[in-house]
Each structure stands twice: as structure tokens, then as C-alpha cells.
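Working notes, beginning with the structure itself.
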Amino acid sequence: QLQASGGGLVQAGDSLRLSCAASGSTASIMIMAWFRQTPGSEREFVAGVSWRSGDLYYRDYLKERFTASRDNAKNVMFLQMHGLKPEDTATYYCAASSSRQNLLSSLVRRTPSRYDFWGQGTLVTVSS
């Protein structure tokens with residue numbers, strides 16, 4: 001089970017850190033990822049973390065402002081966001097997959113249906 005938290009209302013230029021806590025056994029997890037979604041749009045890959053190696057994956061245009069990380073000991077993944085813009089407004093979801101294909105293929109990694117577990121989402125609203 002995944003529990004996302006840390007969303008809220010911020011102003012443009014502010015920073016925010018999201019957390020995703022995994023409960024239960026995480027032994028089978030290969031990758032955890034952040035997605036975001038706005039009403040009427042598809043869920044978009046934001047960043048991912050290889051659960052075992054710590055390798056990081058990003059949507060290219062976000063990597064300068066967003067940093068993903070994980071704490072294996074606490075079973076928590078983070079998304080640190082800096083320089084937030086109004087277009088970052090979305091519900092942010094964390095997800096986990098037990099498939100190694102998510103690590104090997106960027107296309108697979110960016111596909112929401114290739115993730116086994118999802119958190120409930122946390123809303124980030126950035127005002128201008």
C-alpha cells in the first residue's frame with residue numbers, strides 16, 4: 001500500500017516536498033515513481049527511483065527543478081520540487097512496480113498501466 005502526502009497550495013517560485021510511504025513488504029519492488037495528472041489529461045510520468053540501486057529517472061523538462069530520492073530503511077520515496085510554476089498544478093501520484101521492465105525501458109517506465117500499486121494522490125496547487 002502506498003500513501004502520498006505533502007501537497008498543498010503554494011505560490012509560484014516556492015518549493016515543496018512530497019512523500020510516498022510504502023507499507024507492507026517492499027521486497028518485490030523494482031521501481032517507485034511519481035506521476036501527475038490534471039483534469040481531462042492523461043497521467044504523466046514525472047520521476048522514478050530504482051528501489052534497489054537508487055538510479056533516478058526523470059521527464060526531461062522537469063529534471064532541473066525536481067529531484068526524486070528514497071529512503072529504503074523507512075520505505076519512503078520523496079519528490080523535492082523547486083521553482084514551482086502554475087503549470088505544475090496537478091494531483092501527484094506515487095506508484096510502484098515489481099517488473100524489471102520498468103527499469104530497462106523508458107517507454108514502459110512512463111506508462112501508468114505498467115505499475116502494480118498506486119497511492120491515493122496528493123494535490124499540488126501553484127498560484128501565480
Side-chain angles (χ1 to χ4, degrees):
Q1 187 175 4
L2 303 178
Q3 181 78 30
S5 62
L9 174 62
V10 297
Q11 293 186 335
D14 284 353
S15 298
L16 201 61
R17 189 176 81 158
L18 305 182
S19 300
C20 176
S23 59
S25 176
T26 59
S28 64
I29 292 178
M30 298 299 291
I31 183 173
M32 290 185 68
W34 290 100
F35 286 78
R36 67 184 184 183
Q37 188 173 27
T38 56
S41 298
E42 294 185 354
R43 202 163 288 192
E44 173 189 53
F45 176 84
V46 172
V49 182
S50 169
W51 198 244
R52 299 179 184 181
S53 70
D55 289 346
L56 303 174
Y57 311 93
Y58 293 99
R59 179 164 291 276
D60 286 344
Y61 72 89
L62 295 175
K63 64 188 304 182
E64 290 187 358
R65 299 188 293 117
F66 290 12
T67 302
S69 61
R70 97 278 195 232
D71 183 336
N72 290 57
K74 297 182 179 179
N75 288 344
V76 181
M77 175 180 65
F78 303 100
L79 183 68
Q80 180 68 54
M81 303 183 290
H82 296 292
L84 283 164
K85 304 176 180 180
E87 51 263 43
D88 294 318
T89 295
T91 299
Y92 285 71
Y93 297 90
C94 57
S97 171
S98 58
S99 173
R100 194 164 179 265
Q101 284 300 313
N102 291 55
L103 298 176
L104 300 177
S105 167
S106 62
L107 179 61
V108 171
R109 185 160 55 245
R110 295 164 186 253
T111 304
S113 62
R114 302 303 293 263
Y115 287 81
D116 307 303
F117 306 99
W118 288 88
Q120 84 288 3
T122 185
L123 178 62
V124 174
T125 303
V126 184
S127 63
S128 57

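This structure is a prediction, so every number in the text was calculated from the model and none was measured.
To the nearest 0.5 angstrom, Thr67 atom OG1 is 11.5 Å from Arg17 atom CZ. Note that OG of Ser69 and CD of Gln80 are 8.0 Å apart. Values are rounded to the nearest 0.5 Å. Between the CG atom in Asn102 and the CD1 atom in Ile29 there is a gap of 11.5 Å [rounded to 0.5 Å]. The line from CG of Leu2 to CD of Gln120 is 9.0 Å long, rounded to the nearest 0.5 Å. For the atom pair Ser113 OG and Arg43 CZ, the distance stands at 11.0 Å (nearest 0.5 Å). Considering CE of Met32 and CG of Asn72, their distance stands at 10.0 Å, rounded to 0.5 Å.
The hydrophobic cluster containing Phe78 does not contain Tyr57, counting ILVMFWY residues as joined when their side-chain heavy atoms lie under 4.5 angstrom apart, directly or transitively. The same ILVMFWY cluster, assembled from side-chain heavy atoms under 4.5 Å apart, contains both Leu56 and Phe66. Leu107 is not connected to Val49 by any chain of hydrophobic side-chain contacts under 4.5 Å among Ile, Leu, Val, Met, Phe, Trp and Tyr, and they are in different clusters. Under the 4.5 Å side-chain heavy-atom criterion for Ile, Leu, Val, Met, Phe, Trp and Tyr, Tyr92 and Met77 are members of the same hydrophobic cluster.
Of all heavy-atom pairs between Trp118 and Pro112, the closest is CZ2-O, 3.3 Å. Considering every non-hydrogen atom in both Ser15 and Gly83, the closest pair reads OG-N, 4.4 Å. For Ala47 against Tyr58, the heavy-atom pair with the smallest separation is CB-CD2, 3.7 Å.
Panel note: side chain Ser127, backbone Val10; a donor-acceptor pair is recorded below 3.5 Å. Under the 3.5 Å distance criterion, the side-chain polar atoms of Arg59 are matched with a main-chain donor or acceptor of Phe45. In this structure, the side chain of Arg70 engages the main chain of Arg52 through a donor-acceptor pair within 3.5 Å. Formation of a donor-acceptor pair under 3.5 Å by the Ser105 side chain with backbone atoms of Val108 is found in this model. With hydrogens and angles ignored, the 3.5 Å screen pairs a side-chain donor or acceptor of Thr89 with a backbone N or O of Val126. Although no hydrogens or angles enter the test, the distance criterion places no donor-acceptor pair under 3.5 Å between the side chain of Tyr93 and the main chain of Ala4.
Using a 4.5 Å heavy-atom cutoff, the side chains of Phe117 and Ser98 are not in contact. Using a 4.5 Å cut-off on side-chain heavy atoms (C-beta onward), Ser97 and Met30 make no contact. Looking at heavy atoms from C-beta onward, Met81 lies out of side-chain contact with Val46 at the 4.5 angstrom threshold. Leu18 places a side-chain heavy atom less than 4.5 Å from the side chain of Val124. Counting heavy atoms from C-beta on, the side chains of Arg109 and Tyr115 come closer than 4.5 Å. Residues Leu103 and Trp51 are not in side-chain contact: their nearest non-hydrogen atoms beyond the backbone lie 4.5 Å or more apart. A 4.5 Å side-chain heavy-atom check between Thr91 and Phe35 finds every atom pair outside the cut-off.
Around the CD atom of Glu64, the shell of radius 6.0 Å holds no more than 12 heavy atoms that belong to other residues, nucleotides or ligands.
Here the options are Thr122, Val76, Leu79, the test is side chain to side chain contact (heavy atoms under 4.5 Å, CB included), and the partner is Ser19; only Val76 passes.
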